[in-house]
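Right, one structure below, let's go through it.
Any value given below was found using the heavy atoms of this structure, including those in side chains, with hydrogens, waters and symmetry copies removed.
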Amino acid sequence: MVNSFAQVPGTLRKDARWRGFVAALQEEGVRWCYTDFYLATPINFLSEEAVVCSAKLGPVTTEYFFAYREQVEEAPEAAFVAVNRTSAKKLGRRLDELGVSHERLDLMKPVLLRLSRKVDPEELFPHRQFPW
């Protein structure tokens with residue numbers, strides 16, 4: 001029991017960070033996004049689907065709720081939530097190569113948003129598979 005209680009402070013800090021991150025996405029007007037499975041799941045849950053994320057960006061592209069990918073695919077815009085700063089830098093370079101202007105926010109996870117046009121991950125990574 002003592003060991004269980006010892007985990008509470010860290011768990012509460014992690015929860016607060018995630019909730020703050022999701023709140024920041026909402027404050028920035030992010031409604032749809034592409035990201036990784038391990039990021040999409042808590043964003044969808046904690047935002048109560050106010051922010052809908054597809055795991056199509058990857059690297060883990062597992063989708064349990066296909067409706068999320070469909071919603072993001074049909075959305076007029078979608079941000080990118082990168083798994084880390086290195087990934088965000090790569091995404092930024094690829095967007096630049098496509099001539100797509102964007103903003104980057106370094107939150108708990110880097111976010112590329114306000115793209116000058118919607119970009120699908122398939123356009124960024126044309127040689128990669130995007131299974132459902």
Side-chain angles (χ1 to χ4, degrees):
M1 189 163 89
V2 172
N3 286 337
S4 294
F5 281 119
Q7 295 176 20
V8 170
T11 301
L12 292 175
R13 279 192 301 276
K14 184 177 177 182
D15 180 68
R17 276 190 19 224
W18 269 103
R19 288 181 188 279
F21 175 62
V22 170
L25 290 175
Q26 290 177 291
E27 288 170 14
E28 291 294 334
V30 174
R31 178 68 185 92
W32 302 278
C33 63
Y34 290 110
T35 189
D36 175 73
F37 170 77
Y38 294 103
L39 301 178
T41 301
I43 293 169
N44 290 326
F45 177 76
L46 292 172
S47 74
E48 297 178 359
E49 298 176 346
V51 179
V52 176
C53 288
S54 166
K56 188 174 183 180
L57 181 62
V60 178
T61 59
T62 303
E63 299 272 12
Y64 287 124
F65 301 103
F66 301 126
Y68 292 157
R69 183 180 284 192
E70 291 169 353
Q71 286 180 44
V72 176
E73 301 273 314
E74 294 170 5
E77 62 185 345
F80 292 103
V81 179
V83 294
N84 56 39
R85 290 192 170 136
T86 301
S87 177
K89 195 173 187 179
K90 183 177 183 179
L91 288 169
R93 276 196 315 268
R94 293 195 183 236
L95 289 169
D96 290 343
E97 290 167 4
L98 293 172
V100 177
S101 63
H102 60 280
E103 292 179 32
R104 177 176 163 172
L105 293 177
D106 286 309
L107 303 171
M108 183 183 90
K109 294 292 180 180
V111 182
L112 289 86
L113 68 165
R114 294 189 257 288
L115 281 63
S116 57
R117 70 174 175 84
K118 186 175 180 186
V119 177
D120 189 284
E122 291 181 47
E123 191 175 354
L124 294 173
F125 305 103
H127 302 294
R128 205 164 93 192
Q129 297 286 328
F130 295 91
W132 283 81

Looking only at heavy atoms, what is the nearest atom pair of Lys118 and Ala78, with distance? CE-CB, 4.2 Å
Counting only pairs under 3.5 Å, give me each side-chain donor-acceptor contact of residues 38-45, with atom names and distances, residues two or more places apart or in other chains.
unit_1 : atom_1 : unit_2 : atom_2 : d
Thr41  : OG1    : Phe37  : O      : 3.0
Asn44  : OD1    : Cys53  : N      : 2.7
Asn44  : ND2    : Ala40  : O      : 3.1
Asn44  : ND2    : Cys53  : O      : 3.1

If only atom types and distance count, is the side chain of Lys109 paired as donor or acceptor with the main-chain N or O of Val83 below 3.5 Å? yes
Could you give all pairs that pass the side chain to side chain donor-acceptor pair (under 3.5 Å) test and reach residues 54-72, with sequence neighbours left out? Glu49-Tyr68, Ser54-Glu63, Lys56-Glu73, Lys56-Asp120, Lys56-Glu122, Glu63-Arg69
Pairs involving residues 103-132, ordered by first then second residue, that meet disulfide (SG to SG under 2.5 Å) (sequence neighbours left out): none
Set of residues satisfying side chain to side chain donor-acceptor pair (under 3.5 Å) with respect to Arg19, sequence neighbours excluded: Asp15
If hydrophobic clusters are built from ILVMFWY residues whose side chains come within less than 4.5 Å, do Val52 and Trp18 share one? no
Can you list the residues that meet the side-chain contact (heavy atoms from CB on, under 4.5 Å) rule with Ala50, with sequence neighbours excluded? Gln26, Ser47
Nearest 0.5 angstrom please: Leu113 CG to Arg104 CZ, how far? 11.5 Å
Cluster question for you: counting only ILVMFWY and a side-chain heavy-atom cut-off of under 4.5 Å, with indirect links fine, are Val81 and Leu46 together? yes
Tell me whether Leu115 shares a hydrophobic cluster with Leu25, the cluster being built from Ile, Leu, Val, Met, Phe, Trp, Tyr side chains joined at under 4.5 Å. no
The salt bridge (Lys or Arg N to Asp or Glu O under 4.0 Å) partners of Arg117 (sequence neighbours excluded) come to Glu123
Sequence neighbours excluded, every pair satisfying disulfide (SG to SG under 2.5 Å) that has a member inside residues 60-132: none
Between Val111 and Phe21, is any pair of side-chain heavy atoms under 4.5 Å apart? yes
Using the ring-ring contact (aromatic ring centres under 6.0 Å, His included) rule, collect all pairs that involve residues 76-106, keeping only residues at least two apart or in two chains. Tyr34-Phe80
Return each pair, listed once, that meets disulfide (SG to SG under 2.5 Å) where at least one residue sits in residues 100-132; pairs must be two or more places apart or across chains. none
Would you be so kind as to tabulate the donor-acceptor pairs closer than 3.5 Å made by side chains of residues 84-100, with sequence neighbours excluded?
unit_1 : atom_1 : unit_2 : atom_2 : d
Asn84  : OD1    : Thr86  : N      : 3.2
Asn84  : OD1    : Ser87  : N      : 2.7
Arg94  : NH1    : Leu124 : O      : 2.8

Are Leu112 and Val30 connected in the hydrophobic side-chain network, where two residues link if heavy atoms are under 4.5 Å apart? no
Do any pairs count as a salt bridge (Lys or Arg N to Asp or Glu O under 4.0 Å) and have a residue in residues 28-40, sequence neighbours left out, and if so which ones? Glu28-Arg114
Establish whether Val72 and Val51 are linked, either directly or via other cluster members, by ILVMFWY side-chain heavy-atom contacts under 4.5 Å. no
